[in-house]
Amino acid sequence: MCAEFQKPRGTQDVLPPVSQKMEQIRHIALDCAQRFGYLLVETPVFEQTPVFLRVGESTDIVQHERYSFTDNGGVDLTLRPEGTAAIARAYVENGMYNQPQPVRMCYYGPMFRRERPSAMRYRQHTQFGAELYGSVQPEADAEVILLACAVVEQIGLADPVIRLNSIGCSECRPAYREALILYYQQRHDQLCQDCQKRMNTNPLRLLDCKIDVAIRERAPDIAAFWCEDCATHYRDLTQLLTSCGRQVSREPFLVRGLDYYNRTVFEINHPSMGSQVALFGGGRYDGLATTLDGPKSTPAVGFGMGIERILSAMEENFDLPLMSRIYVAHLPGFEAPSLVLAEELRRKGFAAESDLMNRSLKAQLRDAGRQSGVVVIVGGREWEQGEVGVKWLENGVQMTVKREELSDLLRQPEEKG
RNA sequence: GUGGAUGUAGCUCAGUUGGUUAGAGCACCAGGUUGUGGCCCUGGGGGUCGGGGGUUCAAGUCCCCUCAUUCACCCCA
């Protein structure tokens, strides 16, 4: 095919049966969220660009991964790279801080980042996420994490291990930041090029480096710098999660790339996935809504979950429940009656389809065999007497019934044969 | 943005040191059964060999460019 007709780089066509699986995941996620009290909020897939600039000036998402464009009215717009900023905007714009707090919301939809595609990384991907506004309590962090774990578990992954850390608050982080810079400055010559750059842009990210791991080992741990409140918050959260039977692993080097986080950050990996690929990740971002013109104090926690990654993680141990479909076949000349009968069955709630290819009966049965279900045969002597044939392909059992009795017979297929 | 690997039918892949009209399996369609699937047999459709340029009497094969896929980085879900 001509190159200009190919799908854009890093995007995918989702075909059956994968598309059905995706629907299943969406259903599970939204259902879980609802049981936790998190209701769906839909925001536009594009926003005015400044909304996303709040994600952090130094992050790659904002710096060079944006899908931005100017519309005909001269407005600067950006395809959303993540959900949190958009939800924060919606929370503020709709005055949701006047609702009884906390406000529990979730979202589900496509995200766009112009990065180079690789394993489990796409330019358009789907994220499910949840956001909790209004509570500073560690219980809030816990609930959000428990929801994420519940979804992951529903999908068939046993015993998720939560990788957890706290990156402190405006009280205690500056001191840690200084200590970290000092430590790395003393070893400046041994650092990789990226890290030398990171010293100035985002020192916390030094801990993310996969090259300078040896240097990192002896780097100062933020836990030693936590203020009283941050320390209690972290301790309480850990306790809450373990009380709920969740496994927590403290990750001193987990910092995450978005600037808006404070205190809690977390993520979860899956063994089937390559190195640094998280199924979901999130944290607390008490300052974000304020920067979008929200009230002075608007605490919030949330996570985002990569649906394509979830899909690939569950691939082996998750089967789609097959809906049994009815194939209405016809003898030559009975195309129209078979279409009518199929429609009749559909109106009674069955999944039914008829042949549209003017095939021979033999070919229709072959076709029906591909989806292994029930075949209703229309035409011939039986039709003259107001009857149709019914055949179960599984075991080859066949019988003839009055048209009026057909739907009753089909409702209990397991008793036949 | 950096580095590596790979592009031949819908899918998985053969294709010799460059040499006639590019093959197989699976899948698809039809027939073998004037009204019955799966197995088997026979036949059929389907390819600008990712695209463009170059070398050559001759390119799927060699060279260059480009596009795409993929893996590792960067970063993130």
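Note that the coordinates shown come from a computational prediction; the quantities given were computed from them, not determined experimentally. Throughout, protein chains are lettered first and strands after them, A, B, ... in sequence-line order, and every chain is numbered starting at 1.
When the C1' atom is compared between B:rU8 and B:rC49, the two are found 4 Å apart, to the nearest whole Å. If you take atom P in B:rG37 and the same atom in B:rC62, they sit 49 Å apart, rounded to whole Å. Comparing the C1' positions of B:rG3 and B:rC11 gives an interatomic distance of 31 Å, to the nearest angstrom. Going from the P atom of B:rG43 to that of B:rG23 covers 16 Å, rounded to whole Å. The gap from the P atom of B:rG35 to that of B:rG47 amounts to 35 Å, rounded to the nearest Å. Nucleotides B:rA30 and B:rU16, compared at atom C1', are 37 Å apart to the nearest Å. When the C1' atom is used for both B:rA14 and B:rG60, the distance is 12 Å, rounded to whole Å. To the nearest whole angstrom, the two C1' atoms, one in B:rA9 and one in B:rC28, are 12 Å apart.
Base pairing of B:rU6: its partner is B:rA68, meeting the Watson-Crick or G-U wobble criterion (both donor-acceptor distances under 3.5 Å). In a base pair of the Watson-Crick type (N1 to N3 plus N6-O4 or O6-N4) or a G-U wobble (N1-O2 and O6-N3), with each distance short of 3.5 Å, B:rA24 is matched with B:rU12.
Judged by a 6.0 Å distance limit and a 45° cone about the ring axis, A:Arg187 is positioned over the six-membered ring of A:Tyr183. Taking the ring centre of A:Phe46 as origin, the terminal cationic atom of A:Arg80 falls outside the region bounded by 6.0 Å and 45° from the ring axis.
Atoms CD (A:Glu65) and C1' (B:rG1) sit 10 Å apart, rounded to a whole Å. In this structure, A:Glu82 places its CD atom 7 Å from P of B:rA77, rounding to the nearest Å.
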Mind listing the side-chain donor-acceptor pairs of residues 396-409 of chain A below 3.5 Å, one per line with the distance, residues two or more places apart or on another chain?
from     : atom 1 : to       : atom 2 : distance (Å)
A:Lys402 : NZ     : A:Gln385 : O      : 3.4
A:Arg403 : NH2    : A:Glu344 : OE2    : 2.8

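For residues 136-146 of chain A, the side chain to side chain donor-acceptor pair (under 3.5 Å) pairs, not counting sequence neighbours, are A:Tyr38-A:Glu143, A:Arg104-A:Glu143, A:Gln137-A:Glu139, A:Asp141-A:His233, A:Asp141-A:Thr264, A:Asp141-A:Arg284.
Among the atoms of the strands shown, none is found under 4.0 Å from any heavy atom of A:Gly389. Residue contacts for A:Ile377: at a heavy-atom cut-off of 4.0 Å it reaches a base atom on one of the strands shown. Across all strands shown, A:Gly380 has heavy atoms under 4.0 Å from base atoms, whether or not it also approaches the sugar-phosphate. Nucleic acid contact class of A:Gln124 (heavy atoms, under 4.0 Å, all strands): none.
Applying the ring-ring contact (aromatic ring centres under 6.0 Å, His included) criterion to A:Tyr234, with sequence neighbours excluded, gives A:Trp226. Judged as a salt bridge (charged side-chain N to carboxylate O under 4.0 Å, His left out), and not counting sequence neighbours, A:Arg263 has no contacts. Partners of A:Phe280 under the ring-ring contact (aromatic ring centres under 6.0 Å, His included) rule, at least two apart in sequence or in another chain, are A:Phe303. Every residue two or more places apart in sequence or in another chain that forms a side chain to side chain donor-acceptor pair (under 3.5 Å) with A:Gln101 is listed here: A:Tyr91. Residues passing the ring-ring contact (aromatic ring centres under 6.0 Å, His included) test with A:Phe225 are A:Tyr176, sequence neighbours excluded.
For A:Gln398 and B:rU36, a side-chain-to-base donor-acceptor distance below 3.5 Å is present, hydrogens and geometry of angles not being considered.
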Produce the list of close N/O pairs, under 3.5 Å, pairing protein atoms with atoms of nucleotides 68-70 of chain B; give distances to one decimal.
from   : atom 1 : to      : atom 2 : distance (Å)
B:rU69 : OP1    : A:Gly10 : N      : 3.2
B:rU69 : OP2    : A:Arg9  : NE     : 3.0

All N/O pairs under 3.5 Å across the protein-nucleotides 26-31 of chain B interface:
from   : atom 1 : to       : atom 2 : distance (Å)
B:rC28 : OP1    : A:Arg370 : NH1    : 2.4
B:rC29 : OP1    : A:Arg359 : NH1    : 2.9
B:rC29 : OP1    : A:Arg370 : NH2    : 3.0
B:rC29 : OP2    : A:Arg370 : NH1    : 3.3
B:rC29 : OP2    : A:Arg370 : NH2    : 3.4
B:rA30 : OP2    : A:Arg366 : NH1    : 3.1

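Two residues, A:Glu115 and A:Glu382, neighbour RNA chain B, and the one matched to the more 5' nucleotide by heavy-atom proximity is A:Glu382.
Scanning all heavy atoms of the two residues, the minimum distance from A:Ala300 to A:Asp286 falls at N-OD1, 3.1 Å.
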